[in-house]
Amino acid sequence: RHFRPGNVPTVMLERLVRAGMAAPTARNSQPWAFMIITGRARLDAMAAKLPYAKMLRSASAAIVVAGDLKRALSGKSREFWVQDASAATENILLAAEAMGLGAVWTGVYPGEERVKMVRDLFSLPAHIVPLAVIPVGWPDGSDKPKHKYDAARVHWEKWGDNKHPSLISPHAPDEL
């Protein structure tokens, strides 16, 4: 969420999007579209209008992950585009971490005001639905990983059986 100055090379941004496109997708429909934003004015415009994306002010780039409804499945399966674009978003975040970059998932869809703002800012056609904006940059080191493991949420063999001891020390989360 906190970035130091410095541009992210274009080749790294393309690698992030390639990682997104490597995500699993329902029936291989690949109903995603990506926009890479590096222009300071557009990054600042998004920061001003997206309530949970203020860190765009210090990010050197952003990736808009969207669903392409023309590529989405039909009927009851249509909404799988959300899961597919979400998997692509997660792949981008994991790739960014592996590359030494900082990245943050900021939600757009299904917030109608946020969807409209991103659509208007980038003149998106009606069949393109922005799911997320991912600010990308060089982390300044101030953010530390959040450790969210909770053994009570892990059930073994049947629901409610969560009394198994952890084999990983809760005091050494980086041992994973």
Side-chain angles (χ1 to χ4, degrees), residues 1-40 42-44 46-47 50-68 71-72 80-111 114 118 121-122 124 128-151 153-154 166-176:
R1 294 184 177 271
H2 299 93
F3 304 105
R4 61 180 166 83
N7 291 331
V8 175
T10 301
V11 68
M12 293 180 86
L13 295 169
E14 182 181 333
R15 284 183 185 144
L16 292 176
V17 172
R18 284 175 178 265
M21 289 185 190
T25 172
R27 291 195 294 206
N28 199 31
S29 59
Q30 302 175 35
W32 45 54
F34 304 88
M35 286 186 62
I36 299 171
I37 311 301
T38 58
R40 183 80 262 146
R42 289 187 186 240
L43 293 168
D44 290 344
M46 284 192 294
L50 290 172
Y52 304 106
K54 303 302 180 201
M55 73 289 295
L56 282 162
R57 288 189 180 101
S58 62
S60 62
I63 298 172
V64 177
V65 181
D68 181 342
R71 295 187 59 99
F80 277 122
W81 77 263
V82 176
Q83 293 176 27
D84 295 345
S86 295
T89 301
E90 181 69 8
N91 273 17
I92 290 169
L93 296 175
L94 291 170
E97 175 71 18
M99 294 164 59
L101 295 167
V104 183
W105 182 330
T106 65
V108 176
Y109 180 86
R114 290 177 279 183
V118 174
L121 185 61
F122 298 110
L124 300 179
I128 301 296
V129 183
L131 175 88
V133 172
I134 305 172
V136 179
W138 298 104
D140 72 1
S142 64
D143 296 303
K144 302 300 176 204
K146 294 178 184 174
H147 302 290
K148 300 178 183 181
Y149 182 78
D150 180 355
R153 294 179 182 227
V154 179
S166 174
L167 298 176
I168 301 172
S169 169
H171 303 290
D174 293 329
E175 290 179 7
L176 298 177

message: Donor-acceptor check, side chain of R4 to backbone of W138, threshold 3.5 angstrom: yes or no?
response: no

- request: Ignoring hydrogens and angles, tell me if any N or O in the side chain of D143 forms a donor-acceptor pair with the backbone of H2 under 3.5 Å.
  value: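 Between the backbone of H2 and the side chain of D143 there is a qualifying donor-acceptor contact (under 3.5 Å).
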
Measuring only between side-chain heavy atoms, which start at C-beta, is [X] closer than 4.5 Å to [Y]?
X    : Y    : value
V11  : E14  : no
Q30  : M21  : no
W81  : L131 : yes
D140 : F3   : no
L16  : M99  : yes
L43  : R57  : no
P51  : R114 : yes
T89  : I134 : yes

message: With a sphere of 6.0 Å drawn around OH of Y52, does it hold more than 12 non-hydrogen atoms of other residues, nucleotides or ligands?
response: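 It does not: Y52 OH has 12 such atoms or fewer within range.
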
- prompt: Is the count of non-hydrogen atoms from other residues, nucleotides or ligands lying under 6.0 Å from R40 atom CZ greater than 12?
  reply: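 Count over threshold, so yes.
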
Identify the two heavy atoms, one from [X] and one from [Y], that lie closest to each other, and give their separation to 0.1 Å.
X    : Y    : answer
L50  : V133 : CD1-CG2, 3.9 Å
P139 : G102 : CD-N, 3.4 Å
G20  : A88  : O-CB, 3.3 Å
S29  : D84  : OG-OD2, 3.5 Å
A87  : P24  : CB-O, 4.0 Å
A59  : V136 : CB-O, 3.5 Å

- request: Report the distance from atom CZ of F34 to atom CD1 of I92, rounding to the nearest 0.5 Å.
  value: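 Rounded to the nearest 0.5 Å, the CZ-CD1 separation comes out at 5.0 Å.
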
message: Determine whether W32 and R71 satisfy the following criterion, side chain to side chain contact (heavy atoms under 4.5 Å, CB included), listing intermediate values before the conclusion.
response: CA-CA 8 Å; W32 45 54; R71 295 187 59 99; over 6 Å; no

task: For I37 and F122, run side chain to side chain contact (heavy atoms under 4.5 Å, CB included): C-alpha distance rounded to whole Å, both residues' side-chain angles, the deciding distance at 0.1 Å, then the answer.
output: CA-CA 10 Å; I37 311 301; F122 298 110; 3.4 Å; yes

query: After noting the C-alpha distance and the side-chain angles of W105 and V65, does the key distance pass the side chain to side chain contact (heavy atoms under 4.5 Å, CB included) rule?
result: CA-CA 10 Å; W105 182 330; V65 181; over 6 Å; no

- request: Mind running side chain to side chain contact (heavy atoms under 4.5 Å, CB included) on M46 and T106 for me, showing each step along the way?
  value: CA-CA 11 Å; M46 284 192 294; T106 65; over 6 Å; no

